[in-house]
Amino acid sequence: MPELPEVETCRRGITPHILGRRLQQLIVRQPQLRWPVAVDLPQHIQGQVVLAVERRAKYLLLCMNEGTLLIHLGMSGSLRVLTGADTPGPHDHFDLDFGACRLRYRDPRRFGALLWTTAPVQEHPLLVHLGPEPLSQKFNGEYLYEHSRGRRSAVKTVVMDGKVVVGVGNIYANESLFLSGIHPVRPAGRISLQRYQRLAENIKQVLQNAIDMGGTTLRDFYNQSGNPGYFAQQLRVYNREGAPCPVCSSAIRRQRIGQRSSFFCGNCQR
DNA sequence: AAATTCTCCTGAAGGC
DNA sequence: TGCCTTCAGGAGAATT
């Protein structure tokens, strides 16, 4: 399931293959993604040149001369770089053909998206209200503290709220809260500045470590070359219900918070 | 306004 | 073996 480190891994992997290249053709086999791919998109963007490959939250941004292609991997999406003939599978929904190589998008659950905008991309409706990037200086303990005052919802829900901070998905929220000794259901407004400083640092650390390891492969994340990420072996609580806490050996617990599985140590996290 | 629930989708896993 | 049912999850939309 692509979270920020997986999307960043993807971005870094595809960039050298497509930067400066001209799009020969967009081939759409399945337009029914999160939002339908516009029927006339292929003819609109044919011939566009990739000027930059950026990322905002979990959106990949292919910045081209007349606009920007937004790609979201949803929870089962992946992009592979193909350099030879390769028969598309049933979930290979579109190809971006750059001549020398092509990007093939696969997404069994179809929660992902392919959108084109000619307006300044940061003003796009999907991006304009997003919180800061977690690895930026704008995101820190003070920021979290200020934005959680008066909020009674679980701290885990708040750090996963894209309007507060982007890119912190379920896996990394669980891990960061464990490293910070904070119980995931603790009301966000009842946590001290000091503890938020520690949480913000751990969020940055966990995300950066995961990026350095090429992301987390639990089931279906593979990078542009078809290789898995190696952060899964670093996970301390996620998906480890019943296993011993790496610090105190208490059994890791599992609880649903806001429709999502949460994993934590009831002894270490208060 | 903030908090909660719903929604899209398919594959894996579990029950009988 | 096979046909259910349940669940997982990103995040915008809808509802409370």
Side-chain angles (χ1 to χ4, degrees), chain A residues 1-11 28-37 55-61 70-79 88-94 105-115 117 123-134 144 146-176 184-190 203 207 210 215-222 228-229 231-232 235 237-242 254-263:
Chain A
M1 48 208 76
E3 296 189 22
L4 186 148
E6 291 72 38
V7 178
E8 181 62 19
T9 296
C10 177
R11 187 191 71 79
V28 179
R29 299 183 197 84
Q30 169 57 276
Q32 297 302 315
L33 303 181
R34 174 88 202 260
W35 295 281
V37 178
R55 178 188 59 73
R56 175 73 173 105
K58 299 174 189 171
Y59 291 90
L60 280 169
L61 309 177
L70 286 79
I71 299 175
H72 199 292
L73 301 178
M75 70 157 282
S76 61
S78 63
L79 281 171
H91 303 302
D92 291 336
H93 304 317
F94 66 83
Y105 179 89
R106 172 175 296 182
D107 184 9
R109 270 159 263 191
R110 287 198 261 142
F111 283 5
L114 175 67
L115 299 166
T117 179
E123 295 171 21
H124 191 279
L126 290 170
L127 305 187
V128 72
H129 294 119
L130 293 176
E133 289 287 324
L144 269 184
E146 287 169 18
H147 282 79
S148 60
R149 291 308 91 188
R151 292 189 66 162
R152 280 171 291 184
S153 47
V155 59
K156 177 162 179 278
T157 304
V158 171
V159 299
M160 290 180 67
D161 181 349
K163 292 187 288 300
V164 176
V165 58
V166 301
V168 185
N170 200 28
I171 297 174
Y172 301 109
N174 280 298
E175 295 297 303
S176 304
V185 300
R186 175 169 285 278
R190 304 287 301 276
I203 287 172
L207 292 175
T216 299
T217 297
L218 287 177
R219 184 176 303 136
D220 48 16
F221 172 72
Y222 296 92
F231 192 73
L235 297 177
V237 290
Y238 185 81
N239 222 13
R240 295 191 66 238
E241 180 184 18
R254 174 186 186 135
Q255 183 178 331
R256 282 181 80 74
I257 302 174
Q259 320 287 71
R260 258 150 253 255
S261 284
S262 302
F263 301 87

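Note that the structure is predicted; figures quoted are calculated from it, not measured. In what follows, every heavy atom counts, from backbone to side chain, and hydrogens, waters and symmetry copies are set aside. Letters A, B, ... are given to chains in the order of the sequence lines, protein chains preceding strands, and every chain is numbered from 1.
For the pair A/K156 and A/V185, the minimum side-chain heavy-atom distance is 4.5 Å or more. Between A/L70 and A/L61, the closest side-chain pair of non-hydrogen atoms falls below 4.5 Å. Using a 4.5 Å heavy-atom threshold, the side chains of A/R56 and A/H124 count as separate. Residues A/Y105 and A/L73 form a side-chain contact, since some pair of their non-hydrogen atoms from C-beta on lies under 4.5 Å apart. No side-chain heavy atom of A/D107 sits less than 4.5 Å from a side-chain heavy atom of A/Q30.
A/L130 CG to A/K58 NZ: the interatomic distance, rounded to the nearest 0.5 Å, is 11.0 Å. Annotation: the span from A/H147 atom NE2 to A/D161 atom CG amounts to 10.5 Å, rounded to 0.5 Å.
Atom pair A/E3:CD and C/dA11:P shows a separation of 8 Å (rounding to whole Å applied). Atom CZ of A/R256 is separated from atom P of C/dC7 by 7 Å (rounded to the nearest Å). One interatomic measurement links the two molecules: NE2 of A/H124 to P of C/dG12, which rounds to 11 Å at whole-angstrom precision. Between the NE2 atom of A/H129 and the P atom of B/dA2 there is a distance of 13 Å, rounded to whole Å. To the nearest angstrom, P of C/dA11 lies 15 Å from CZ of A/R109. Look at CZ on A/R56: it is 14 Å from C1' on C/dA11, rounded to the nearest Å. In this entry the distance linking CG of A/N174 with P of C/dA8 reads 13 Å, nearest Å. Between A/W35 atom CH2 and C/dG10 atom P there is a gap of 14 Å when expressed in whole angstrom units.
Listed pair A/Y59 / C/dG12 meets the phosphate criterion, a side-chain N or O lying under 4.0 Å from OP1 or OP2. At least one side-chain nitrogen or oxygen of A/Y238 sits closer than 4.0 Å to the OP1 or OP2 atom of C/dG9. A/H91 has a side-chain polar atom (N or O) that falls below the 4.0 Å cut-off from OP1 or OP2 of B/dG11. OP1 and OP2 of C/dG12 both lie 4.0 Å or more from every side-chain N or O belonging to A/R34. At least one side-chain nitrogen or oxygen of A/H72 sits closer than 4.0 Å to the OP1 or OP2 atom of C/dA11.
C/dG9 has no base stacking with the ring of A/F111 when judged by centroids under 5.5 angstrom apart and an interplanar angle below 30°.
Within the nucleic acid shown, A/L33 has no heavy atom closer than 4.0 Å to any nucleic acid atom. Residue contacts shown for A/R106 are absent, as no nucleic acid heavy atom lies under 4.0 Å away. Residue A/T157 is classed as having no contact, given no heavy-atom separation below 4.0 Å to the nucleic acid.
The side chain of A/L126 has C/dG12 as its nearest neighbour among B/dA3, C/dA11, C/dG12.
Donor-acceptor pairing under 3.5 Å is recorded for the side chains of A/R254 and A/S261.
Donor-acceptor pairing under 3.5 Å, judged by distance alone, is present between the side chain of A/R260 and the base of C/dA11.
Each of A/L130 and A/Q259 was assigned the nucleotide of DNA chain C with the nearest heavy atom; the assignment lying further toward the 5' end belongs to A/Q259. Across the interface with DNA chain B, nearest-nucleotide mapping of A/G150 and A/R110 shows A/G150 to be the residue nearer the 5′ end.
Within the helix from B/dA2-C/dT16 to B/dC16-C/dG2, the inter-axis angle between the opening and closing five-pair segments is 50°, rounded to 10°.
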